[in-house]
Each structure stands twice: as structure tokens, then as C-alpha cells.
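Just so we're clear, the structure is a prediction, and the values are computed from it rather than from any experiment. Residue numbers begin at 1 in each chain, while the letters A, B, ... track the order of the sequences.
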Amino acid sequence: MPELPDVEGFRKVLGSCAKGRIIQRVDVRDTGVLHGVSTRRLRDAVEGRRFTEPERHGKWLLARTGGPTLMLHFGMTGELVCCHPDDMVEAHDRVLFTVARDRQLRYRDQRKLQGLWLADDESEVARLLERQGPDAMAVSRKEFEDVLSARRGSVKTALTDQSVLAGLGNLLADEILWRARLRPTSRASDLAEADCRRLYTHMRRTLRSTVAAGCVPPRDSWLTGHRDDPDPACPRCGHSLRRSRVAGRGTVWCPQCQ
DNA sequence: TTGGGTGTTGGCCA
DNA sequence: ATGGCCAACACCCA
């Protein structure tokens with residue numbers, strides 16, 4: 001689930017729930033989500049510190065504390081929620097950060113495909129992000145065109161490859177390609193300049209509305225609203241949508257208008 | 001009950 | 001460089 005818009009939503013949750021507050025207690029309920037750091041070291045590193053303005057790069061959330069930085073990745077099922085410490089701890093609440101008597105930030109994740117890392121300094125942050133391409137929300141049109149034209153594979157593979165462009169997942173890629181009327185299997189390097197511009201425009205437009213929504217909503221007028229229909233029809237032209245596999249992922253597109 | 005599917009990533013192999 | 005397959009994990013569904 002979590003793609004750029006979701007993670008941007010989690011960044012806002014962190015900001016409104018915990019920014020400026022002191023981390024009073026870290027409670028690790030499941031060490032399986034900790035990567036390269038023990039519960040002990042995590043607590044020693046951040047308890048007593050204050051959450052500052054959180055940042056995001058692609059699908060990574062950077063929880064800064066003025067010292068070490070907590071790096072969060074949400075995999076397919078993770079989320080960040082603001083709770084009351086007395087709220088019932090749910091089965092998938094893996095790490096709890098108590099930041100006030102009445103506030104507790106929770107890293108909740110069903111599948112534990114990713115988790116939390118602790119970066120002691122900026123070089124460690126950079127090391128964890130070194131394989132990430134430019135953020136999809138921040139990339140310039142020029143840079144976008146440059147990275148796409150350098151790719152031999154399909155445009156969908158390029159859009160979802162985090163080392164090319166950071167932030168887009170399977171759903172967003174399908175939605176953006178549908179809006180830009182481009183087949184997911186088109187070779188990225190074959191795109192005409194006009195195609196590339198259109199793709200960039202629709203990427204920005206789609207990101208803007210999904211970030212505002214805090215997710216990629218299954219709207220009726222969007223492709224997202226139909227990908228799970230039994231016999232899906234294109235909300236733009238009515239033609240039957242096609243399913244296939246591109247970049248190893250379930251892909252939905254309209255053979256008529258894409 | 002079992003096998004196959006799922007919005008994440010990275011590693012290995014050809 | 002690229003694509004395919006698998007694993008990590010927990011759950012759903014036929």
C-alpha cells in the first residue's frame with residue numbers, strides 16, 4: 001500500500017503528533033522490525049531526544065531527533081498512527097513512541113517486510129539512501145527526461161524502480177501511465193519528447209491529488225477504482241481493461257486509449 | 001487444508 | 001544493463 005502519498009501522509013502524522021515533543025519512552029513490541037539496531041541501542045539513542053521536522057525521500061520517512069535519525073520504511077502494509085498511550089495495543093503495533101502523557105506514535109505493520117533503521121549521523125543517512133533515485137515529487141522535468149532516456153527497459157519498470165525515481169509504486173505507476181495514455185510496456189528510451197512531457201505532467205498532477213488525499217484513492221473516474229473489478233472497463237473509453245505482468249507486477253491498462 | 005495471490009525491497013542468476 | 005525468480009512476512013481467498 002504505502003507509496004509516496006501514503007508516506008507523505010505519515011510524515012504529516014509524525015509532524016502533528018510528535019514534532020517538538022520529547023521521546024519519553026520507546027517500546028519495541030516486536031524486534032523483527034528493527035534492522036541493524038537492538039532495542040537497547042535504539043532506546044539509548046533516542047529516548048530523551050526531541051522529534052524535529054520529519055523528512056521524506058521516496059518511500060522513506062526520516063524521523064530526525066537533532067541527533068540520530070530514525071529511518072522508517074513501510075513495505076506493503078506499514079503505517080504510522082497517532083494514538084493515546086491507553087489505546088489498546090493492536091496485534092501489529094510493532095514499536096511505540098510515547099511523546100506525551102496523552103500521545104503515542106505507533107509503527108504498525110502487518111507483514112514486516114521492511115521496518116526501522118537507526119542512522120547515527122548524516123553519512124549513515126546518506127548510505128541508507130544511496131540507491132535511491134531523485135524523489136518523484138521533487139524531480140525536475142529535465143532530470144526526469146534524462147533518467148528515462150537512459151533506460152533500456154519498459155517505462156513502467158523505470159517508473160517503479162526506486163533507484164531510477166523514488167516514490168512510485170505499482171498502483172501509482174499504472175494510474176499515471178493510463179492518464180498519460182502510454183502503454184506500460186513502451187520502452188522508456190523510445191518515448192518522444194512530447195510523451196515524456198505528458199508523462200511528467202501527469203505524474204505531478206497525480207501526485208498532487210494523491211498527496212492531498214494521503215493515499216491513492218480507488219476513485220471511480222480513476223484507473224485505481226477499477227483494477228479489482230471482475231470485468232474491469234476503462235473509465236475513460238469503456239473498453240475492457242487488460243491485465244498482464246510488467247516488471248514482475250500485476251499491471252492493468254487500457255489497450256484502447258493507452 | 002493447501003496452494004496461490006498481494007500496493008514492499010534486495011539478492012542471485014542468466 | 002535487464003528481466004526473471006525467490007525470499008522476507010502475514011494475511012486472504014478459492
Inset, instruction - Give one of base, sugar-phosphate or nothing for A/Ser154, where a contact means two heavy atoms less than 4.0 Å apart. - result: sugar-phosphate

Legend entry - Heavy atoms from other residues, nucleotides or ligands near CZ of A/Arg219 exceed 12 (cutoff 6.0 Å): yes

Legend entry - salt_bridge(A/Glu124, A/Arg127) N-O dist < 4.0 Å: yes

Inset, instruction - State whether the side chain of A/Arg56 and the backbone N or O of A/Gly58 hold a donor-acceptor pair below 3.5 Å, judged by distance alone. - result: yes

Inset, instruction - Taking side chain to side chain donor-acceptor pair (under 3.5 Å) as the test, write out the residues that go with A/Gln114, two or more places apart. - result: none

Inset, instruction - Look at atom CZ of A/Arg242 and say whether more than 12 heavy atoms of other residues, nucleotides or ligands are closer to it than 6.0 Å. - result: no

Legend entry - Pairing of A/Asp87 and A/Arg106 as salt bridge, 4.0 angstrom limit: no

Legend entry - Lys/Arg-Asp/Glu bridge criterion (N-O < 4.0 Å) met for A/Arg141, A/Glu193: no

Legend entry - Atom-to-atom span, CG of A/Leu148 to P of C/dA1 - whole angstrom: 17 Å

Legend entry - P-based separation of C/dG4 from B/dG5 [nearest Å]: 16 Å

Inset, instruction - Can you tell me the distance, in whole Å, between the CZ atom of A/Arg151 and the P atom of C/dA1? - result: 9 Å

Legend entry - Sequence-distant partners of A/Glu143, side chain to side chain donor-acceptor pair (under 3.5 Å), two or more places apart: none

Legend entry - Nearest-angstrom distance, P atom, B/dG7 to C/dT2: 23 Å

Legend entry - All side chain to side chain donor-acceptor pair (under 3.5 Å) counterparts of A/Ser209, not counting sequence neighbours: none

Legend entry - Residues that, via side-chain heavy atoms closer than 4.5 angstrom, fall in one hydrophobic cluster with A/Leu96: A/Val89

Inset, instruction - For A/Pro54 and A/Arg11, work out which heavy atoms get closest and say how close. - result: O-NH1, 3.3 Å

Legend entry - Quiz item: cation-pi between A/Arg227 and A/Trp222, 6.0 Å / 45°: no

Legend entry - Rounded C1' spacing from C/dC5 to B/dG4 in Å: 15 Å

Legend entry - Pairwise P distance for C/dC6 and B/dG3, with rounding to whole Å: 15 Å

Inset, instruction - Enumerate the residues from residues 121-132 of chain A whose closest heavy atom to DNA chain B is under 4.0 Å, giving them by residue number; use none for an empty result. - result: A/Arg131

Legend entry - Closest-nucleotide 5' rank along DNA chain B - winner of A/Arg245 and A/Thr160: A/Arg245

Legend entry - Sugar-phosphate, base or nothing in reach of A/Thr77, heavy atoms under 4.0 Å: nothing

Inset, instruction - State whether the side chain of A/Glu53 and the backbone N or O of A/Gly20 hold a donor-acceptor pair below 3.5 Å, judged by distance alone. - result: no

Inset, instruction - For the pair A/Asp27 and A/Arg29, find out whether any cationic side-chain nitrogen is under 4.0 Å from an anionic carboxylate oxygen. - result: yes

Inset, instruction - Hydrophobic side-chain clustering at under 4.5 Å (ILVMFWY, transitive links): who's grouped with A/Leu62? Put none if nobody. - result: A/Trp60, A/Met71, A/Trp117, A/Val125, A/Leu128, A/Leu129

Legend entry - Electrostatic pair A/Lys156-A/Asp174, nearest N-O below 4.0 angstrom: yes

Inset, instruction - Kindly indicate whether the side chain of A/Cys17, heavy atoms from C-beta on, has any atom under 4.5 Å from the side chain of A/Phe51. - result: no

Inset, instruction - Under 4.0 Å between any heavy atoms, over every strand shown, what does A/Arg227 touch: base, sugar-phosphate, or nothing? Just pick one. - result: nothing

Inset, instruction - Give me the residues of residues 170-185 of chain A where at least one heavy atom lies under 4.0 Å from an atom of DNA chain B, by number, or none. - result: A/Asn170, A/Leu171

Inset, instruction - Starting from Watson-Crick (N1-N3 plus N6-O4 or O6-N4) and G-U wobble pairs under 3.5 Å, report the runs of at least three that DNA chain C belongs to. - result: B:2-6 with C:10-14, B:8-14 with C:2-8

Write out a two-atom table: protein N or O, nucleotide N or O from nucleotides 12-14 of chain C, distance below 3.5 Å.
none

Legend entry - NE2-OG distance between A/His226 and A/Ser221, expressed to the nearest 0.5 angstrom: 7.5 Å

Legend entry - Below 4.0 Å: OP1/OP2 of C/dC9 and any side-chain N or O of A/His92: no

Legend entry - Atom pair distance, as rounded to whole Å: CE in A/Met76 and P in C/dA7: 16 Å

Inset, instruction - Would you jot down, in residue-number order, the residues of residues 209-221 of chain A having a non-hydrogen atom under 4.0 Å from DNA chain C? - result: none

Legend entry - Hphob cluster co-occupancy, A/Leu42 + A/Ile22, side-chain heavy atoms under 4.5 angstrom: no

Legend entry - Along DNA chain B, first and last positions that approach a heavy atom of chain A under 4.0 Å: B/dT6 to B/dG11

Inset, instruction - Check the surroundings of atom CZ in A/Arg101: do more than 12 heavy atoms from other residues, nucleotides or ligands lie under 6.0 Å from it? - result: no

Inset, instruction - Using a 4.5 Å cut-off on heavy atoms from C-beta on, say whether the side chain of A/Glu8 contacts that of A/Met137. - result: no

Inset, instruction - Return the residues of residues 105-120 of chain A meeting this criterion: a heavy atom under 4.0 Å from some atom of DNA chain C. Order them by number, or give none. - result: A/Gln110, A/Arg111, A/Lys112, A/Leu113

